[in-house]
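To start, the structure under review is shown below, and the notes come after it.
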Amino acid sequence: MIENMKKIHVGVFIAVFALLASIFHLYTGSIGFFEPREQRSLHLFLLLPLIFLMKPGFLVNSARRESAKPGIVDYALAILIAVPALYSYFEAFRINMRLEDVTEVLDTELWLGGIMIILILEAIRRGVSVVMFGLVLIGFIYLFTTEYMPGIFHFRDLPLSEIIEAMYLSNGNGIFGTITGISATLIAIFLIFGSMIEGSGTGRLFINLGKKVAGRYTGGPAKIAVLTSALFGSMSGSSSSNVFTTGSFTIPMMKKRGYKASFAGGVETAASVGGQSAPPIMGAGAFVMAEITGVPYTDIIVAAVIGSLCYFVMIFVTVHFEARKLGLKGIDPKELPTWSDVLKDIHLLIPIFLLITLLLLRFSPTYAALLSIAATFFTSWLRKHTRIGFKKALEILINAGRNTVLIAIACVGANMLVLILTKTGLIVSIGAVVTSVVGDNLFLGGLLLALMTLVLGMGIPTTPAYIVVAAVGVPTLVGNFDVPMLAAHFFVFYFAILADATPPVSIAAYSAAAISKADPIVTAFQATRLAIAGYVVGFSYLFVPELLMQGTFIGIVLNTAAILLGLTLFSVAITGYFVNTMRLPVRIILAPLGLFLALNVALPLEVRISGSLLAMLILYVVNTKFALNKTAADL
């Protein structure tokens, strides 16, 4: 009984602080944000201590951590990490007025900064991932050993006091840097908006709409998953959250209709990950990109349309061919919701349309999100079954605060990594290394940076991963290869998104596998082949400005068609079906041919398009005249 009371008290404490964090972000967003260091300090003060209570146990593995109870050490660490954040808040004016590397660092600041760095590393290990913890830890080891490093990795001796000063007292990067600033303002507000949307029942609307639109067609359950995850993923900003929200019903539905467990999980993973590329919200990615690049939000969502369209069209095509190969039918119309069921929740779209309208009218994202949060609450009262009462509103704000904890920690970790890269000049050095390895070959340079983005993005939430890799990759692409800035950012953004679906560390795939009961690695590989359009589109941004809606209408249409037709050939190859099942040797030839025609911009558009159409015509004729029996060998 005493243990249960302790657990209740911990839950209450977490709920109160999470609620205060949400209220703080709403309050400062409405009256005007505090001075940057003050805003960021209170943001971290309210959120960082919670990770030690939400995920207690220093030596407990991640699988058991969720059910573990906080001990004395966890409480002590929660209190200890709050002290440096409070000090930063109360001493904000003096810290802002000091001159870095000139003004003496106080002993108190050295101790507090050192403690905060160590505890943030532990918070990253517990709350984000071991991968990100390892990256930041390696970065710190490098700071201490850089004077002994050879070649481009060599840098002058950095004493401990200078490292702590840069991490704790700097306003540009480090713990209280600009990335933390983005999470303390923009991201926090949009996470609250996403929680309000989820809490109002908009997810139910998307699910019913997906069922009604796609459910009766071939492979209906998989197509429902794609459509629903695209709609919800654009709002949620978290691929794992998207998987658990929509996948909890789409994955069992797919398995029930005959899809393999790993394929069902792969479909949900690929669609949920891709949701963050879908306008208008792009999981807050559009706003972060606008903040970093200075490009207006409206230009970014317009530029994102074709890439996202290609991504989801190809997932639809793949699941369609897979369903035809397996002989899977759509859902019985009697089991589908009626238009009346869909229209019962249609009023919940008002806040989303309001948000889009305000953003298109060039209101600030924060102002637009705040009004949309208020609109979500008031429109929920238009129907009795969607009303958000006082208790429900508290639950939504608490959930938003809890969700913000992990993002805040990940953003702090990203800030630290960026500071390590800039302090030692590695950002410039990496660009020089890439250039020295590949010369002026943009294709090879892009391939190298894509691999780096996927590795750095594994185990890190999309937004921090995008920010970290943008700090390295974008200057290299722009400065060394003359890639337009927006194209470079979209390239990095896509591969940061796809890192969540790329094995071996595929967070979204692990989430889907937990629901489907399939092997997570197999699920991740299924997601990767389904998401191949994302890799192709991301890479194509470097060479095809038409993907960003830049160019003539005919040029945009033809370039999009060339990519889609080439990817369709690849989809046929990986599913092994086009009119009828195909033999393995044909598939082996078809897969590289499809990628070649989708990616090879050196070929004239007419050749790429006609080549894809000719290949499909030949396949149609051959598979119609020489139909194969659906034996295991043929599949």
Side-chain angles (χ1 to χ4, degrees), residues 274 277 302-318 320-321 324 438-447 450 477 481-484 486-488 490-491 494-495 529-580 582 585-626:
S277 73
V302 168
V305 168
I306 294 179
S308 184
L309 182 67
C310 290
Y311 185 91
F312 285 104
V313 165
M314 290 321 303
I315 298 181
F316 260 97
V317 169
T318 304
H320 176 78
F321 285 144
R324 290 296 300 271
V438 303
D440 59 355
N441 190 316
L442 178 56
F443 183 87
L444 292 178
L447 187 62
L477 289 169
F481 296 99
D482 296 322
V483 175
L486 192 57
F490 265 95
F491 169 85
Y494 258 72
F495 282 99
R529 76 186 185 105
L530 285 159
I532 193 68
Y535 299 93
V536 172
V537 168
F539 214 89
S540 296
Y541 279 122
L542 298 179
F543 305 95
V544 187
E546 285 81 4
L547 277 180
L548 296 169
M549 290 283 197
Q550 298 170 2
T552 64
F553 176 76
I554 296 298
I556 291 170
V557 171
L558 291 178
N559 275 280
T560 304
I563 292 172
L564 283 175
L565 289 171
L567 286 173
T568 300
L569 285 179
F570 183 83
S571 178
V572 169
I574 62 173
T575 56
Y577 184 91
F578 190 76
V579 182
N580 284 298
M582 300 186 307
V586 178
R587 297 168 62 181
I588 291 173
I589 295 170
L590 209 57
L593 176 63
L595 289 180
F596 177 78
L597 292 172
L599 272 173
N600 194 345
V601 293
L603 284 177
L605 281 171
E606 298 82 1
V607 175
R608 293 166 65 194
I609 292 173
S610 59
S612 296
L613 291 174
L614 180 61
M616 288 182 198
L617 179 60
I618 293 170
L619 284 174
Y620 178 80
V621 172
V622 172
N623 284 341
T624 301
K625 288 187 178 255
F626 306 103

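- For the pair G611 and L597, the tightest heavy-atom approach, listed with the atom from each and the gap, is C-CD1, 4.0 Å.
- By the 4.5 Å heavy-atom criterion applied to side chains, Y535 and Y494 are not counted as neighbours.
- Atom CD1 of residue I609 and atom CG of residue L614 lie 13.5 Å apart, to the nearest 0.5 angstrom.
- Within the 4.5 Å cutoff, the side chain of L564 has no heavy atoms near those of the L309 side chain.
- Under the rule for a side-chain contact (heavy atoms from CB on, under 4.5 Å), the partners of P604 that lie at least two apart in sequence or sit in another chain are E606, V607.
- The closest donor-acceptor contact from the side chain of N600 to the backbone of F596 lies at 3.5 Å or more, if one exists at all.
- Note that the OG1 atom of T552 and the CG atom of L558 stand 8.0 Å from one another [nearest 0.5 Å].
- Here the straight-line distance linking atom CG of L565 with atom OG of S610 works out to 10.0 Å at 0.5 Å rounding.
- Heavy atoms only, all atoms of each residue included: R608 and I563 are closest at NH2-CG1, 4.1 Å.
- The distance from atom CG of L442 to atom CG of D482, rounded to the nearest 0.5 Å, is 9.5 Å.
- Residues S612 and G566 share a closest heavy-atom pair of OG-N, 3.7 Å.
- The aromatic rings of F321 and Y577 are tilted relative to each other, their planes meeting at an angle between 30° and 60°.
- When all heavy atoms of M582 and L619 are compared, the pair lying nearest together is SD-CD2, 3.8 Å.
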Kindly list each side-chain donor-acceptor pair under 3.5 angstrom involving residues 539-551, sequence neighbours excluded, with atom names and distances?
from : atom 1 : to   : atom 2 : distance (Å)
S540 : OG     : V536 : O      : 2.7

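- A donor-acceptor contact shorter than 3.5 Å is absent between the side chain of R324 and the backbone of V579.
- Minimum interatomic distance between G446 and F491 (heavy atoms only, all atoms of both residues): O-CZ, 3.3 Å.
- Proximity of a side-chain donor or acceptor of S571 to a complementary backbone N or O of L567 within less than 3.5 Å is not detected.
- A distance of 4.5 Å separates CZ of F570 from CD1 of I532, quoted to the nearest 0.5 Å.
- The CZ atom of R587 lies 7.0 Å from the OG1 atom of T575; values are rounded to the nearest 0.5 Å.
- Between I556 and T560, the shortest heavy-atom contact is O-OG1, 2.7 Å.
- Between F578 and V586 there is no side-chain heavy-atom pair separated by less than 4.5 Å.
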